[in-house]
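First comes the structure, then the notes that go with it.
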Amino acid sequence: MDSPKTSNANSHDNAPGDGVSANGQGGLVIRSAKVIITCPGRNFVTLKIETNQGVYGIGDATLNGRELAVASYLTDHVIPCLIGRDAHRIEDIWQYLYKGAYWRRGPVTMSAIAAVDMALWDIKAKVAGLPLYQLLGGASREAVMVYGHANGTSIEDTVNVALDYKAQGYKAIRLQCGVPGLASTYGVSKDKMFYEPADADLPTENLWNTEAYMRVVPKLFAAAREALGDEVHLLHDVHHRLTPIEAGRLGRDLEPYRPFWMEDAVVAENQDNFRLIRQHTTTPLAVGEIFNTIWDCKELIQNQLIDYIRATVVHAGGITHLRRIAAFADIYNVRTGCHGATDLSPVCMAAALHFDRSIPNFGIQEYMRHTEATDEVFPHGYRFESGFLYSSETPGLGVDIDEEKAAKYPYKRAYLPVNRLQDGTMFNW
Ligand code: EZ4
Ligand code: CO
């Protein structure tokens, strides 16, 4: 078997493992699995699992900037353990991969497990002849509210983009604008529609200035509230760049404009950071796009230090584990707000929408829109209408991968930027 490190949009077939005991109801056995890497504008890693009955499922395994590590984890270490297993035993396979690795948690491991989990749910729902949300307890809502990304180099540009989103029917809009004096800022793209930060084969270096940033964001929110009115939800992503006391100050400065949330205000490795923010502001707090397990957010949730948990299907162990996080969060009044940037493939988006639609404590779903090329590689049935996404009604996840088209876009190394303070000190991106 080839190593994915040497591959370009290659598939890595694993031989069928006939003879391994399946113990399956109805004999639905995993016959083969492969990893497909494609770059229709940005890199995506997809796991495809095939069964002895011809039914297959797919799962997203994309970890932005570290894609090949997950591809290798799957191809070299997970796929050999899957062959011959009963494809219906989703929970058991999850536990087998999580506990069986000995080395638990972490983005690479949990993205790989997530891909297997998504693909198995896809298979189970196809076999049942039902869209996945029906297997997750059915619909708690018909559609899920999404937020779009309005960004601009100036406050005026950003507000104009936000007005355009509002005209398209969006009920919620994330606002990010350039910081005066800084050449580039998180969330502000060079072209208007798609923010694609993983843009270089070595990391771009950005400069950061906290004081200038903290001066501009309240002005942006004041201008946006004035232009957009009271109804539309306004969101902002700090991208882990403040200290807790700075975040408390920014949250307080934003309170008059009633933000829906302030996201990733601080680094979250130290969960106590959030206790300090909470002491200073009533601005709702969201965190968790880089979380991988319930253990990364357990204290934040049970101490009610956050309002929205942003863990998502691909990076937090799949549908199986994300449901566990959401059920735990529900007890503590925490709602979900799944990460949905463009580095999460349409496979993840499809899975997230079934999850969002089913749980009682759904909050909001991020939606950035993929490029046309990405949508062609991953044909899907979900659709946007009037500020909401509707999950597919076809059996399974309702998303596929066109392997011929995928093969036209070979893997291209791409990194997220890094960030330094003005004096050269390495900082959080
Ligand atoms: O930086 O998805 O809320 N969204 C974000 C994204 C993340 C990227 C990282 O891969 O913060 O823009
Ligand atoms: Co974010």
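What you see below is based on every heavy atom in this structure, not just the backbone, and it leaves out hydrogens, waters and symmetry mates. Ligands are counted one by one from 1 in listed order, and the atoms in each one are counted from 1 as well.
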TODO: Please determine if R241 and D264 form a salt bridge, counting it only when a charged side-chain N lies under 4.0 Å from a carboxylate O.
DONE: no
Task: Proximal heteroatom of E289 relative to the Co ion (ligand 2) (N/O/S) - done: OE1
Task: Heteroatom test (N, O or S) for D264 near the Co ion (ligand 2), limit 2.8 Å - done: no
Task: ligand 1 versus R174: contacting region, heavy-atom distance under 4.0 Å - done: side chain
- [ ] Check all N, O or S atoms of E263 and name the one closest to the Co ion (ligand 2).
- [x] OE2
TODO: Locate the shortest heavy-atom distance separating P360 from R141; write the atom from each residue and the value.
DONE: O-NH2, 3.4 Å
Task: Side-chain H-bond candidate by donor/acceptor type, Y186 with D237, under 3.5 Å - done: yes
Open item on the list: Between the side chains of E393 and R357, is the shortest nitrogen-to-carboxylate-oxygen separation below 4.0 Å, so that they form an ion pair?
Closed with: yes
- [ ] Using a strict cut-off of less than 4.0 Å between a Lys/Arg side-chain nitrogen and an Asp/Glu carboxylate oxygen, indicate whether E403 and K34 qualify as a salt bridge.
- [x] yes
Task: Numbered atoms and elements of ligand 1 in range of W429, under 4.0 angstrom, heavy atoms - done: 1 (O)
Open item on the list: So, regarding R310 and ligand 1 (criterion: nitrogen or oxygen to nitrogen or oxygen, under 3.5 Å), is there a contact or not?
Closed with: yes
- [ ] Flag the pair F362 / F355 as yes when their ring centroid distance falls below 6.0 Å, and as no otherwise.
- [x] no
Open item on the list: Quick check: of its N, O or S atoms, which one does D237 have closest to the Co ion (ligand 2)?
Closed with: OD2
TODO: Counting heavy atoms only, name the option from D343, V238, N64 that's nearest to atom 2 (O) of ligand 1.
DONE: D343
Open item on the list: Would Y147 count as being in polar contact with ligand 1, using the rule that some N or O on each side must be under 3.5 angstrom apart?
Closed with: no
Open item on the list: Can you see whether E156 engages N160 through a side-chain donor-acceptor pair at a distance of less than 3.5 angstrom?
Closed with: no
- [ ] Please identify which atoms of ligand 1 are closer than 4.0 Å to at least one heavy atom of A341.
- [x] 2 (O), 6 (C)
TODO: Indicate whether any N or O donor in one side chain lies under 3.5 Å from an N or O acceptor in the other, for H149 and E366.
DONE: yes
TODO: Return yes or no for this condition: an N or O of D237 is under 3.5 Å from an N or O of ligand 1.
DONE: yes
